[in-house]
Amino acid sequence: MRQWASVEALRWQGLEARALAIGCAFCLFVLVLSSACSDGSGDDGTQPSALPTPVATGSASGGSGANAGMGGGQAVEAGADMSPRADAGVASDAGGSTGGGTGGTGGTGGTGGASGSDAAVSVDCFGEDCSVYDSECSVGVCGAFGCEPSFYADGTPCDDGSACTSDDRCGFGGCVGTSKDCSGLTAGVCEYIGCDPASGECVVAQKLAGASCEAQAFCTIGESCDASGSCVGGSPRNCDGVADQCNSGACDEELDMCVKSPLPAPQDCDDGSGCTTGDRCEAGQCVGDDLDCTDVDNACMGVCDPVSGCVASAKPDDTACDDGNACSSGDACWQGLCAGDAWAFRELVGSATLIDPSLSLASDDTPNLSYMTYPADTIHHALRAAAGGWSSTQVGSAYGTTSKSRTWLALDSADAAHVAYYTGVDSFSSGTRDLIYTTDASGSWSATTVASSGDVGGYPSLAVDADGTVHISFFDNTTWQTKYASSATGFTQEVIATVGSEYSSTLALLAVAEPVVVYMAPAGLLHAVRTETVTGKGTPQDPFVVSVSWPATTVAAGTVSNDFELVVDGGGASHVCYDDNTGKRLWYATNASGAWLREVVDVPGASGSYISGCSLAVEGDGTVHISYYDPSRLRIKYARSTATGWQLEFVSEAGPDISSYSQTSLAVDSQGVAHVVYESPTGSGLWYAKRNDGC
């Protein structure tokens with residue numbers, strides 16, 4: 001079978017031939033003109049060459065054997081364009097007969113030539129052999145620019161010379177047949193299925209050595225065939241693409257895919273979260289333990305941010321938590337504090353506006369209470385019945401002394417009540433106020449004016465010793481002094497310190513009935529013990545002289561508020577609760593070790609003002625109880641010291657049932673059960689709450 005150049009290459013050859021022919025024709029034209037003007041002899045004296053004879057003049061030929069009858073009878077003039085398949089003046093070389101036609105401008109076409117196996121005709125087109133364009137599906141013809149292929153119609157039968165095809169047909173300029181179906185054969189990994197073009201038989205042949213193959217194994221790549229036809233060699237498939245910090249990449253032959261294979265433990269990793277710790281690989285997964293953020297503050301303040309880790313931010317209200325108190329129930333977060341309800345009950349003392357409460361428990365644990373009404377400014381003493389409910393008695397009038405008012409109640413060994421309060425002489429007085437002490441020790445209430453010179457008696461605090469002697473500390477707004485008075489000396493006033501502002505004090509007694517006072521001063525919160533110094537020999541010439549002093553130590557330096565309380569335990573150690581205006585925190589301080597030690601009990605929420613209204617009690621075993629108001633949470637709270645820190649609880653129920661300020665008063669009964677009285681908003685009276693027995 002002939003090998004043909006590509007059609008495109010042949011076309012380029014035709015264009016080059018045409019250009020050459022045009023150039024030659026131009027030269028011939030010039031030569032003819034020259035001959036017409038010459039004398040018939042060349043420049044060299046020879047005869048000129050004859051002009052080229054036209055291919056055909058007034059004659060026509062039959063069509064080629066491969067396309068019989070096509071183009072017969074077409075007249076062709078010398079130098080004219082050759083029509084496709086019009087083999088001018090040339091008989092077919094495969095049995096075609098020459099058509100007989102009359103010459104001239106339009107001779108009659110001859111009879112078409114008989115069909116033959118190869119009708120290609122060599123044409124001399126200006127010296128170019130057009131047979132280079134002959135193929136099974138084309139014939140070379142001479143065109144306007146030289147030789148070019150003339151393609152047979154698509155679908156024309158042809159023979160591509162291969163026994164492995166059938167129904168060969170011309171199409172797209174070539175001869176194409178339908179390949180033989182050899183799908184019935186099976187080939188190995190180093191064999192291929194093909195058709196023998198000579199015999200037309202389907203055969204299985206061996207691939208050449210070095211040809212790529214796949215040995216039916218997904219996990220091996222790069223195999224090749226050897227000379228014996230075996231698929232050998234190759235390397236393991238790289239599965240690193242599926243590996244991570246807890247898994248290596250492994251190839252699974254059954255699944256035909258790369259899979260994760262867990263790394264052996266122990267294996268460190270990073271799960272990418274700031275809320276876990278101890279990250280490690282387990283069964284191919286990076287896991288960590290939840291970061292415990294409770295030590296940021298408490299179970300309801302420490303939350304975790306995936307980027308920053310633990311941050312001091314309040315968890316949502318009503319989030320379940322555990323306050324660590326076996327006596328409480330319904331533990332939940334409220335404004336950043338985890339607390340349950342460990343209080344047996346809460347009851348309203350009175351429906352009017354009652355303020356400045358002071359609570360004390362009788363020897364049988366009966367609650368006694370003093371308070372002031374507002375704006376009537378009457379002073380009352382109240383008792384709670386065992387079955388509930390309060391009976392109240394008016395014991396004095398205060399007359400508009402709210403700014404420095406405070407009632408203070410103490411019970412003596414016989415459970416008689418003793419009350420100190422600050423009052424004006426009438427409702428319109430200004431600058432003239434007195435310190436009043438009243439008691440029912442005689443069976444009925446009787447009052448005594450302790451101090452009445454100027455504006456005196458603000459922030460009173462009272463204690464009664466075992467002998468029934470009354471001790472009172474107070475503030476003198478006229479002299480700007482903190483003072484002390486005792487019934488043993490007819491309430492003669494002693495100056496504890498000149499403080500220079502409206503400062504508060506609170507008083508307690510040592511076991512030997514020596515008064516101890518904690519008071520505010522510009523330097524901070526001070527603790528003073530009354531000390532008597534005796535000089536002289538007790539003779540007329542050298543009599544005894546008793547001098548009194550109040551040496552002080554600093555409980556807390558800096559600015560604190562007027563809300564603090566002092567308690568002295570059976571061992572003579574002082575205990576103080578107070579709040580500071582700078583950090584807004586609740587503090588506890590004691591000198592039980594000989595020096596003052598301080599610690600923070602509670603911190604309000606970020607939006608709250610300073611904690612206030614604290615009251616304190618100490619049990620015989622050293623357990624400290626504190627009640628106070630937390631404005632950031634609008635709740636009365638209770639703190640109890642434990643071996644591991646302070647246990648915090650809510651005393652009042654959730655919701656805005658407390659005003660922007662609330663005074664509290666706390667007492668602990670013989671069973672260690674806390675009792676608290678606290679103020680409610682204007683018009684809501686006082687509330688009394690008792691903690692669960694046995695807790």
Discussion item. Could you tell me if the side chain of Ser662 sits less than 4.5 Å from the side chain of Ile636, heavy atoms only?
Written reply: yes
Worksheet item: Does the side chain to side chain contact (heavy atoms under 4.5 Å, CB included) test come out yes or no for Ile379 and Ser397, once each step is laid out?
Response: CA-CA 5 Å; Ile379 308 300; Ser397 298; 5.9 Å; no
Discussion item. Less than 4.5 Å apart, side chain to side chain, heavy atoms only: is that true for Thr449 and Ile436?
Written reply: yes
N/O donor to acceptor pairs below 3.5 angstrom from side-chain atoms of residues 567-576, sequence neighbours left out:
residue : atom : partner : partner atom : Å
Asp569  : OD1  : Gly571  : N            : 2.9
Asp569  : OD1  : Gly572  : N            : 3.0
Asp569  : OD1  : Ala573  : N            : 2.9
Asp569  : OD2  : His575  : NE2          : 2.8
Ser574  : OG   : His527  : NE2          : 2.9
His575  : ND1  : Tyr588  : OH           : 2.7

Fill in: Residues Cys338, Cys321; criterion disulfide bond (SG atoms under 2.5 Å apart); working and verdict
CA-CA 6 Å; Cys338 179; Cys321 60; 2.0 Å; yes
Worksheet item: What residue pairs, at least two apart or across chains, pass side chain to side chain donor-acceptor pair (under 3.5 Å) with a residue in residues 481-492?
Response: His471-Tyr484, Asp476-Lys483, Thr479-Gln481, Gln481-Thr498, Lys483-Gln493
Item to complete: Using modelled atom types only, decide if a donor and an acceptor are shared between the side chain of Asp669 and the backbone of Gln671 within a distance under 3.5 Å.
Response: yes
Fill in: Spatial distance of atom CG (Leu525) from atom CG (Asn562) [nearest 0.5 Å]
10.0 Å
Discussion item. Pair Ile611, Tyr629 - check side chain to side chain contact (heavy atoms under 4.5 Å, CB included), show working.
Written reply: CA-CA 6 Å; Ile611 287 174; Tyr629 171 59; over 6 Å; no
Item to complete: For side chain to side chain contact (heavy atoms under 4.5 Å, CB included), just list the numbers for Phe475 and Trp480, CA-CA rounded to whole Å, side-chain angles, deciding distance to a tenth of an Å, and then say yes or no.
Response: CA-CA 7 Å; Phe475 175 71; Trp480 302 96; 3.8 Å; yes
Worksheet item: Do the side-chain N and O atoms of Thr531 and Ser549 include a donor-acceptor pair separated by under 3.5 angstrom?
Response: no
Fill in: Closest non-hydrogen atom pair between Val601 and Trp587, with its separation
CG2-C, 4.1 Å
Per-pair distances, 0.1 Å, donor-acceptor, side chain in residues 407-415, under 3.5 Å, sequence neighbours excluded:
residue : atom : partner : partner atom : Å
Thr407  : OG1  : Asp356  : O            : 2.6
Thr407  : OG1  : Ser370  : OG           : 3.2
Trp408  : NE1  : Leu462  : O            : 3.1
Asp412  : OD1  : Ala414  : N            : 2.9
Asp412  : OD1  : Asp415  : N            : 3.0
Asp412  : OD1  : Ala416  : N            : 2.8
Asp412  : OD2  : His418  : NE2          : 2.9
Asp415  : OD1  : Ser363  : N            : 3.0
Asp415  : OD2  : Ser363  : N            : 3.3
Asp415  : OD2  : Ser363  : OG           : 2.7

Fill in: Distance in Å, Ser612 OG paired with Tyr610 OH, rounded so as to fall on 0.5 Å steps
6.0 Å
Discussion item. If you define the side chain from C-beta out and look only at heavy atoms, does anything of Tyr678 sit under 4.5 Å from Ser652?
Written reply: yes
Item to complete: Taking side-chain hydrogen bond (donor to acceptor under 3.5 Å, both in side chains) as the test, write out the residues that go with Glu565, two or more places apart.
Response: Ser615
Response to the item:
Sorted by chain and residue number, the side chain to side chain contact (heavy atoms under 4.5 Å, CB included) partners of Phe345 (sequence neighbours excluded) come out as Glu347, Arg384, Tyr688, Lys690
Worksheet entry | Summary of salt bridge (charged side-chain N to carboxylate O under 4.0 Å, His left out) pairs that have at least one residue in residues 508-530, sequence neighbours excluded | Glu494-Arg530, Arg530-Glu532
Worksheet item: Do the non-hydrogen side-chain atoms of Thr553 and Leu526 ever get within less than 4.5 Å of each other?
Response: no
Fill in: Non-hydrogen side-chain atoms of Tyr638 and Leu666 separated by less than 4.5 Å
yes
Worksheet item: Can you name the nearest heavy-atom pair linking Asp434 to Gly454, along with the distance?
Response: OD1-O, 4.4 Å
Worksheet, complete the sentence: Taken in chain and number order and not counting sequence neighbours, the residues that satisfy side chain to side chain contact (heavy atoms under 4.5 Å, CB included) with Ser392 are Tyr371, His380, Ala382
Worksheet item: Distance from Asp630 atom CG to Lys584 atom NZ, nearest 0.5 Å?
Response: 11.5 Å
Worksheet entry | From His675 atom NE2 to Trp343 atom CH2, the distance as rounded to the nearest 0.5 Å | 8.5 Å
Worksheet entry | Under 3.5 Å: donor-acceptor pair, side chain of Ser461, backbone of Leu507 | yes
Worksheet item: What residues form a side chain to side chain contact (heavy atoms under 4.5 Å, CB included) with Ala589, not counting sequence neighbours?
Response: Val555, Tyr578, Trp596, Arg598
Worksheet item: How many angstroms lie between atom CD of Glu599 and atom CZ of Arg585, to the nearest 0.5 angstrom?
Response: 12.5 Å
Discussion item. Can you see whether Asp467 engages Thr469 through a side-chain donor-acceptor pair at a distance of less than 3.5 angstrom?
Written reply: no
Discussion item. Are the side chains of Asp341 and Ser328 in contact, using a 4.5 Å heavy-atom criterion?
Written reply: no
Worksheet item: Of the options Arg691, Arg640, Lys637, which is the one that meets Glu649 in a side chain to side chain donor-acceptor pair (under 3.5 Å)?
Response: Arg691
Fill in: 4.5 Å side-chain heavy-atom contact, Trp550 and Pro515
yes
Discussion item. With rounding to the nearest 0.5 angstrom, report the CD1 to CG distance, Ile355 to Leu686.
Written reply: 9.0 Å
Worksheet item: Where the side chain of Thr664 meets the backbone of Gly613, is there a donor-acceptor pair that is under 3.5 Å apart?
Response: yes
Item to complete: Using distance alone, with no hydrogens and no angle criterion, decide if Asp455 and Tyr422 have a side-chain donor and acceptor under 3.5 Å apart.
Response: yes
Worksheet, complete the sentence: Tightest non-hydrogen contact, residues Met372 and Ala398, listed as SD-CB, 3.3 Å
Worksheet entry | Residue pairs passing the disulfide (SG to SG under 2.5 Å) test where at least one lies in residues 470-589, sequence neighbours excluded | Cys577-Cys614
Worksheet item: Does Ala344 offer a backbone N or O that forms a donor-acceptor pair with the side chain of Asn692 under 3.5 Å?
Response: yes
Worksheet, complete the sentence: Contacts of Thr559 meeting side chain to side chain contact (heavy atoms under 4.5 Å, CB included) (sequence neighbours excluded), chain-then-number -> Asn581
Worksheet item: Heavy atoms, side chains only, cut-off 4.5 Å: are Val676 and Leu359 in contact?
Response: no
Worksheet item: Can Trp646 and Ser641 be said to form a side chain to side chain contact (heavy atoms under 4.5 Å, CB included), step by step?
Response: CA-CA 5 Å; Trp646 292 92; Ser641 64; 3.8 Å; yes
Discussion item. Strictly by ring pair (Phe, Tyr, Trp, His ring centres under 6.0 Å), give each pair with a member in residues 492-517 just once, sequence neighbours left out.
Written reply: none
Item to complete: List in chain and number order the residues that pass ring-ring contact (aromatic ring centres under 6.0 Å, His included) with Trp445, two or more places apart in sequence or in another chain; answer none if no residue qualifies.
Response: His381
